[in-house]
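Just so we're clear, the structure is a prediction, and the values are computed from it rather than from any experiment.
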Amino acid sequence: MKRFKKWGAMLLTAGMIFSLTACSQPEKETKTTQQAAESKEQNGQEETQSQAASGSGEEAVSLKLFYWDALFSEEIDELIKAYNAQEGNANVTIEPTQLPWAEYWTKLETTLATGDDAPDIFWVNLAHLVEYLPAGYMLPLEDGVVDLDKYSDTAMDLLKGEDGSHYGVPFLLDPNVLIYNKAMFDEAGLSYPSNDWTWEDFRNAAKALTKEDKSQYGYCFRTDTGQGSMHEWLVMAGSNEFDYVNSVPLFAQDDALEGWSFVYDIMYQDGSTPTGAQMTEIQGDTYFQSGQAAMVFGAPPKIVTYAEALGAEKIGVSMLPTGARRACSFSVCSMAGYAKTKYNTQVQSFLKFAASKEGMNILSKAGLTAHLDCFDVYEQNIGIDVGAIKETLEQSTLVPILYSVGHNSEFQTAFNSCIGEVYLTTDLDKDGIKKVIQNYADQCTALTK
């Protein structure tokens with residue numbers, strides 16, 4: 001738990017914003033920006049020295065790297081230093097720039113589209129990858145950059161283009177799991193969640209863990225479209241949510257309706273989770289992080305946040321409860337190259353190092369990488385038994401969070417509005433829920449006409 005103490009009050013005072021993956025903390029963003037400026041100045045002064053150090057007489061090369069999550073700042077710096085320490089790489093200067101989540105995508109897309117000040121290397125999530133690939137922004141990886149035998153097939157398949165090439169090195173896997181507060185289960189005299197829990201097991205426990213005065217809830221739901229929210233209930237119910245390749249909404253079909261209705265009943269019949277109105281004031285998982293809820297769904301980076309806030313000894317991790325099927329939503333964040341970079345050789349070289357076990361062991365200190373031999377590093381670093389994550393990857397149907405190849409942002413906006421309307425309306429029966437979700441599914445379909 002030494003690493004958590006370095007993050008300290010930053011994580012306690014700044015909630016992580018999630019939309020398909022982890023985002024940045026403001027306090028550390030400022031620090032990182034200052035460090036980046038200092039690093040850039042220092043790199044400029046040392047270019048000649050780097051060239052001489054390489055002993056190769058090669059021209060010094062400077063690459064720009066964009067990323068969004070301040071929690072990875074130390075690991076990014078360490079990764080760059082380890083790369084430069086490799087024979088033949090001392091002439092390559094890599095300038096990292098960390099940007100807040102909202103600012104990140106605006107700046108990245110502008111620079112990639114215009115080519116002005118574009119990064120040679122950048123982070124990308126699935127939602128943006130499906131837009132960047134057809135736009136021609138992404139550099140195909142050369143053979144051998146990623147040792148495919150050492151990586152999750154599911155992750156690599158999502159990063160493959162129609163030409164068969166891979167377009168990113170997956171450094172962060174986000175399979176969702178059930179995260180719980182052990183102390184609250186102990187106080188209630190309940191056994192901890194197990195990997196064979198059903199939806200009814202979950203519902204019964206949520207009721208038992210909810211206090212009458214609502215000072216504590218059994219579960220905290222999220223009413224956004226981030227991971228650990230409605231996605232989990234729909235995929236467990238048997239729905240794939242969207243046929244993103246053909247831009248077809250699936251979230252209003254009968255199997256999906258079971259997921260919408262189950263959560264609605266937990267909220268309004270049982271009172272085991274804060275209401276939609278309450279979560280317009282405080283986002284759902286904040287209740288867990290502040291010690292006001294016993295269970296939450298979330299991806300691996302969130303476990304780090306909760307452990308810092310509550311103490312690792314209080315955090316337990318289990319697979320999601322099984323509904324119609326054992327499943328969870330799934331996202332991959334990757335490190336990619338810019339298609340128009342002037343330094344293809346050096347970009348491919350850096351990405352190959354990042355994809356190696358040595359590189360991924362460094363990144364695994366901050367999050368669960370896709371390299372199959374680096375799982376233990378993540379587990380040891382956070383000090384929590386997270387074997388349930390590995391079992392989730394091995395046993396669950398993994399449904400990628402992708403909305404539409406052609407209308408991704410519009411579909412996501414409609415889906416988010418659908419979640420809001422359902423859970424802000426207090427008197428819906430199953431038919432009423434069906435009417436609401438069908439309306440938004442029809443809006444998505446109309447976009448494709």
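- Ring orientation note: the planes of Phe202 and Phe297 are tilted relative to one another, at an angle of 30° to 60°.
- Aromatic ring pairs are classed by plane angle as parallel below 30°, tilted from 30° to 60° and perpendicular above 60°; the pair Phe251 and Phe242 is tilted.
- A side-chain hydrogen bond (donor to acceptor under 3.5 Å, both in side chains) with Asn195 is found for one member of Glu391, Arg326, Gln395 and no other, namely Glu391.
- Counting only residues at least two apart or on different chains, no salt bridge (charged side-chain N to carboxylate O under 4.0 Å, His left out) pair has a member in residues 331-353.
- In this structure Glu258 satisfies the salt bridge (Lys or Arg N to Asp or Glu O under 4.0 Å) test together with Lys430, sequence neighbours excluded.
- In this structure, CG in Leu71 is found 9.0 Å from CD in Gln98, a value given to the nearest 0.5 Å.
- Using a 30° and 60° split on the angle between ring planes, Tyr132 and Trp105 fall in the tilted class, from 30° to 60°.
- Each salt bridge (charged side-chain N to carboxylate O under 4.0 Å, His left out) pair with one or both residues in residues 366-381, not counting sequence neighbours, appears once here: Lys150-Asp373.
- Pro300 has its side chain within reach of Asp174: a pair of non-hydrogen atoms, C-beta onward, lies under 4.5 Å apart.
- The two residues Tyr440 and Ala414 have their closest heavy-atom pair at CD2-O, 3.4 Å.
- Contact detail for Ser272 and Tyr217: the closest heavy-atom pair is O-CB, 3.6 Å.
- Of the candidates Tyr219, Tyr180, Tyr306, Tyr306 is the only one forming a ring pair (Phe, Tyr, Trp, His ring centres under 6.0 Å) with Phe288.
- In the model, Tyr343 has no side-chain atom that pairs as donor or acceptor with a side-chain atom of Ser62 under 3.5 Å.
- Here the rule is ring pair (Phe, Tyr, Trp, His ring centres under 6.0 Å) with Tyr423, and of Trp233, Phe221, Tyr268 only Phe221 fits it.
- The two residues Cys374 and Thr369 make their nearest non-hydrogen contact at CB-OG1, 3.7 Å.
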